[in-house]
Amino acid sequence: MKRCLIIDDSSVIRKVARRILEGFGFAIVEASDGRQALDACRKDMPEAILLDWNMPVMDGYEFLRALRSMPGGDKPKVVFCTTENDLAHIARAMHAGADEYIMKPFDKEIVQAKFQEVGLL
Amino acid sequence: MTPFDFDFLCKLLKERSGLVLTHEKEYLVENRLMPVVRRVGCATIAELIQRLKAPAADALKVEVTEAMMINESFFFRDKNPFDQFRDTILPELIEKRSKRRRIRLWSAAASSGQEPYSLAMMVASFSRLADWQIDIVATDISNEVLEKARAGIYSQFEVQRGLPIQMLMQHFEQVGEQWRISDKVRKMVQFRQHNLLTDLSVLGMFDVVFCRNVLIYFDQATKVDALERIRRQLAPDGYLILGAAETVVGLSDVFAPVPDKRGLYRPKPKPLAVAAVKPGAAGARVA
């Protein structure tokens, strides 16, 4: 079973994303900020990461840069999922090593399309 | 709505668009027609249908037909046909049309433009086609959706369904909360209002026809007729692409499925007219 790490400081978003991704057969791990997420990755690197941008302690952008520079950190497919919906943010995220980008609000079909796009489904 | 009103509506839609409406779709009639009812100042669907029966109701008939057409579409819908277009069809056409350096594509139910623009973005990624003439003709029966298609402006939800983020970055610009396709891609597509049930020869000949998720709304006779007329507009070595839920098998013998390529069809060669070949004539074989 593929594992997906959902990183978002909103418990509501984590709950919605968990329901969608469990429906696609993923085992879910949750983190509410970038630092917690890095700890989770050191322990057990997931195949997929759904990543918020604005979070306390360590934001999504910082997390992604740290992830991509750690051993095995190039493996997970990272899909940003954020309210930062302008082209400059998208370009910055892709440059930092994101594989896809979801603009909030999202629904099941969008998550499915993006996960298919990067070969996770 | 009385059964007579429903039958009247079914007949009107069948004549105008080929759309076959069954009784279980009555809910769809309400959903789609209530906005028209309000717009034209009627109180109920029954009153709208009374107006449709009046002698000079042609404009209203067009409006009702357009409202009932199914216009759901998104970029790179179903993915597989576009992968086949990129990996099989375009490379083959690049070889076969290398002298003419021209390829004609037809998106036969273009709706709000996502399918022809997806084709245009894919063509734009082929550097070998940079100096070729690529005609992408996109037709739909509905003027309303074509207006949206021509504008090339889509909501955030629309650009997220099927459009890879790299393509969004490359081919779209942000306009407030919406996304506008680049002029370069927009100019690659010619949008034309056209009914599949009328004369197709005015559109010219094509190398590839995308006619997806249209035939499923037609009855058998209309499907056969549409396929035969599409065949006449398709090059003998061209391709027809149908939707995942559609097939020509058991329906028409003018197309044959391409083995191992789901949804792809090629025209069958026309049988030789025996009377046209005189014994001993040049080119004729005499046993």
Side-chain angles (χ1 to χ4, degrees), chain A residues 6-8 13 16-17 20-21 23-24 48-54 60-61 64-65 67-68 74 76-121, chain B residues 70-87 111-112 114-115 117-119 121-122 125 152-186 212-213 243-245 262-263:
Chain A
I6 298 170
I7 313 169
D8 202 304
I13 296 286
V16 171
I20 292 172
L21 289 164
F24 296 140
I49 294 174
L50 190 71
L51 178 61
D52 186 21
W53 193 297
N54 293 310
Y61 180 74
L64 181 57
R65 286 173 35 116
L67 172 81
R68 290 311 193 201
D74 56 335
K77 298 287 185 188
V78 176
V79 178
F80 252 105
C81 184
T82 171
T83 49
E84 301 296 346
N85 293 345
D86 58 285
L87 263 178
H89 273 90
I90 296 172
R92 201 163 160 231
M94 301 311 285
H95 187 68
D99 296 284
E100 257 297 344
Y101 201 99
I102 293 172
M103 295 178 269
K104 288 176 184 170
F106 60 94
D107 62 9
K108 186 180 162 191
E109 280 70 35
I110 290 172
V111 175
Q112 184 175 20
K114 297 293 185 182
F115 272 55
Q116 277 174 346
E117 186 58 39
V118 296
L120 285 165
L121 289 177
Chain B
I70 291 92
N71 289 319
E72 184 173 332
S73 185
F74 36 93
F75 291 98
F76 297 99
R77 185 177 184 180
D78 299 335
K79 200 167 180 294
N80 183 48
F82 293 96
D83 289 347
Q84 290 178 340
F85 177 70
R86 180 193 58 212
D87 300 336
S111 187
S112 40
Q114 285 94 329
E115 181 178 270
Y117 285 140
S118 298
L119 293 173
M121 286 185 272
M122 210 157 241
S125 70
I153 297 174
Y154 298 94
S155 71
Q156 190 176 289
F157 265 90
E158 287 171 309
V159 295
Q160 294 213 89
R161 288 204 165 86
L163 186 67
I165 198 72
Q166 298 287 4
M167 285 212 175
L168 180 77
M169 292 167 68
Q170 193 180 347
H171 297 295
F172 285 77
E173 62 175 342
Q174 212 163 5
V175 186
E177 294 289 297
Q178 297 190 300
W179 296 83
R180 181 167 55 210
I181 202 149
S182 68
D183 280 351
K184 183 190 165 193
V185 174
R186 203 160 48 79
R212 302 189 306 143
N213 308 310
R262 190 167 54 87

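Chain A is the first sequence line, chain B the second, and so forth, proteins listed ahead of strands; every chain is numbered from 1.
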Problem set entry | Contact leader toward chain A among B/Ile165, B/Leu168, B/Leu163, where contacts are heavy-atom pairs under 4.5 Å |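 With the most close heavy-atom pairs to chain A, the winner is B/Ile165.
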For this session: For each of B/Glu173, B/Gln156, B/Glu177, tally heavy-atom pairs with chain A at distances under 4.5 Å, and name the one with the top tally.
Result: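 When all of B/Glu173, B/Gln156, B/Glu177 are compared, B/Gln156 has the most.
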Seminar exercise, completed: When the 4.5 angstrom heavy-atom criterion is applied to B/Phe76 and chain A, the contacting part is neither
For this session: Report the relative orientation of the aromatic rings in A/His89 and A/Trp53; use parallel for angles under 30°, tilted for 30 to 60°, perpendicular for over 60°.
Result: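 Perpendicular: the ring planes of A/His89 and A/Trp53 meet at over 60°.
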For this session: With a 4.5 angstrom heavy-atom cut-off, could you sort out which part of A/Met94 is near chain B: side chain, backbone, both or neither?
Result: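 A/Met94 touches chain B through side-chain heavy atoms alone.
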Exercise. Between A/Ile7, A/Ile6, A/Asp8, A/Leu67, which is the residue that forms a side-chain contact (heavy atoms from CB on, under 4.5 Å) with A/Leu51?
Worked result: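 Result for side-chain contact (heavy atoms from CB on, under 4.5 Å) with A/Leu51: A/Ile7.
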For this session: Determine, for B/Lys79 against B/Asp87, whether the closest basic-nitrogen to carboxylate-oxygen distance falls under 4.0 angstrom.
Result: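 B/Asp87 and B/Lys79: not salt-bridged.
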Exercise. Can a donor-acceptor pair be found between the side chains of A/Asn54 and A/Glu84 at a distance below 3.5 Å?
Worked result: yes
